[in-house]
Amino acid sequence: MNLKINFLDAGYCTHPECMTIRGGRLKSKIYPAMFMHIEHPKHGHILYDTGYSRDFEKETASFPNKLYAMLTPVILKDDGCAKGRLKKLGVNPEDISYIIISHFHADHISGLKDFKNAKFIYLKKEFVRVSKLKGLKALVNGVLPGLIPKDFEQRAIAIDENYKYKNYNSDIEAFFEYSYDIFGDGSIVAVDLPGHSEAQMGLYLRQEDKEYFLVADSCWLSESIRKNIGPNFMAKLITFNNKEYVRTLDKLHHLYIKNPNIKQVPSHCGEVFRELVKDCNWDTKDLNGI
Ligand SMILES: [Zn+2]
């Protein structure tokens, strides 16, 4: 299947490095909010997540949500949101047919309202949990319910996370029990990567000569996958299930050992960002912080 994939970014936030990997430095590091634009020959323009948008600023303008923006300061340029980044590529927001949502943390879904014609594909269990979260409880779970469009459920395609689709002929199959062939042609396979959130949708993408595994927030840094090292105890406080998180990271590590040619892409990894995001609109001095 001839998929075209654009790796893009919509803003970034900063954290001390030691929050995201054990043994990391105290110094603040930049964490890009990556999203992906996939062009499918039959199903058109598809997004995997959206990164930050102006709606994030609106939702965090007052307390208690303001705490979110204070803890993870976000930098987003005028045309730096998904809508603006896609326009630069000649893709109109109305042309996006599907948005595949890894999970419902604000840095992944802030742009949903910008894409009026898109259908939303996500793991059922995760949305059932998130849709019950309100107020402070939502906030401490990294969820801002105001970012979810009012007609979300009318445009929803929920995937059962326990579905077992096999035989897509990738080394991934040996490690991950649950997967789902989204368009029935083997080109885009959803793989549940639980731990960071209750269910988290990773995506396996196959091009003619390349394989990608988009692993969302299974870890923050590619180094974590190579060395099998997770974040420090502080980050565990915002992890949904730490035991599952460690299990998922362990599987990604062993997949990397077995087949390093499958390019694993954590959504906030600066190293992957430098390699895959071709048209970044940041200042050079910002990039030094990665
Ligand atoms: Zn997350």
Side-chain angles (χ1 to χ4, degrees), residues 7-17 19-21 29-36 47-53 55-56 59-60 65 67-74 76 81-82 99-112 120-123 125-131 133 137-148 161 190-203 213-222 224-225 230-249 252 264-270 272-273:
F7 293 87
L8 300 163
D9 65 293
Y12 63 83
C13 70
T14 57
H15 278 302
E17 186 188 51
M19 276 288 284
T20 56
I21 189 163
K29 200 173 159 81
I30 283 177
Y31 293 88
M34 278 191 274
F35 71 100
M36 293 76 189
L47 299 184
Y48 179 61
D49 291 338
T50 69
Y52 292 108
S53 79
D55 283 340
F56 178 82
E59 288 298 318
T60 56
N65 289 356
L67 287 170
Y68 191 137
M70 287 167 78
L71 284 170
T72 56
V74 171
L76 180 67
C81 58
I99 300 179
I100 301 171
I101 298 168
S102 64
H103 63 302
F104 289 84
H105 283 162
D107 52 336
H108 294 255
I109 64 154
S110 286
L112 292 187
F120 303 117
I121 301 175
Y122 56 90
L123 293 177
K125 182 162 72 173
E126 184 61 11
F127 185 68
V128 167
R129 179 181 75 88
V130 164
S131 59
L133 298 171
K137 202 158 182 205
L139 183 63
V140 296
N141 277 277
V143 173
L144 302 174
L147 294 173
I148 298 174
E161 50 285 326
V191 181
D192 188 14
L193 302 170
H196 175 71
S197 49
E198 187 172 14
Q200 177 180 231
M201 197 195 293
L203 274 198
F213 193 16
L214 314 182
V215 302
D217 290 2
S218 299
C219 59
W220 276 284
L221 303 172
S222 299
S224 290
I225 296 173
N232 81 2
F233 73 98
M234 284 290 281
K236 285 179 190 169
L237 300 174
I238 53 160
T239 300
F240 180 80
N241 182 328
N242 198 51
K243 222 166 142 185
E244 287 288 346
Y245 183 104
V246 170
R247 257 166 56 93
T248 292
L249 182 59
L252 295 176
Q264 299 193 36
V265 182
S267 293
H268 307 301
C269 174
V272 169
F273 171 88

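Both counts, for ligands and for their atoms, begin at 1 and track the order of listing. Counting begins at 1 with the first residue of the sequence.
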request  = Apply side-chain contact (heavy atoms from CB on, under 4.5 Å) to the pair Ile30 and Phe273, showing each step before the final yes or no.
outcome  = CA-CA 11 Å; Ile30 283 177; Phe273 171 88; over 6 Å; no
inquiry  = Classify the ring geometry of His196 against Tyr245: parallel below 30°, tilted from 30° to 60°, perpendicular beyond 60°.
reply    =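 His196 and Tyr245: tilted rings.
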request  = Report the relative orientation of the aromatic rings in His103 and His108; use parallel for angles under 30°, tilted for 30 to 60°, perpendicular for over 60°.
outcome  =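 Geometry flag for His108 against His103: tilted rings.
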message = Can you list everything that forms a side-chain hydrogen bond (donor to acceptor under 3.5 Å, both in side chains) with Glu126? Sequence neighbours excluded, please.
response =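 Scan of Glu126 (side-chain hydrogen bond (donor to acceptor under 3.5 Å, both in side chains), adjacent residues dropped) gives Arg129.
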query = Heavy atoms, side chains only, cut-off 4.5 Å: are Phe56 and Asn65 in contact?
reply =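 A side-chain contact is absent here, since even the closest heavy-atom pair is not under 4.5 Å.
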query = Any side-chain heavy atom of Phe104 sitting closer than 4.5 Å to one from Leu133?
reply =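 No, side chains not in contact.
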message = Restricting to under 2.8 Å, identify the protein N, O or S atoms around the Zn ion (ligand 1) as residue plus atom.
response =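 Result, waters dropped: His103 NE2, His105 ND1, His196 NE2, Asp217 OD2.
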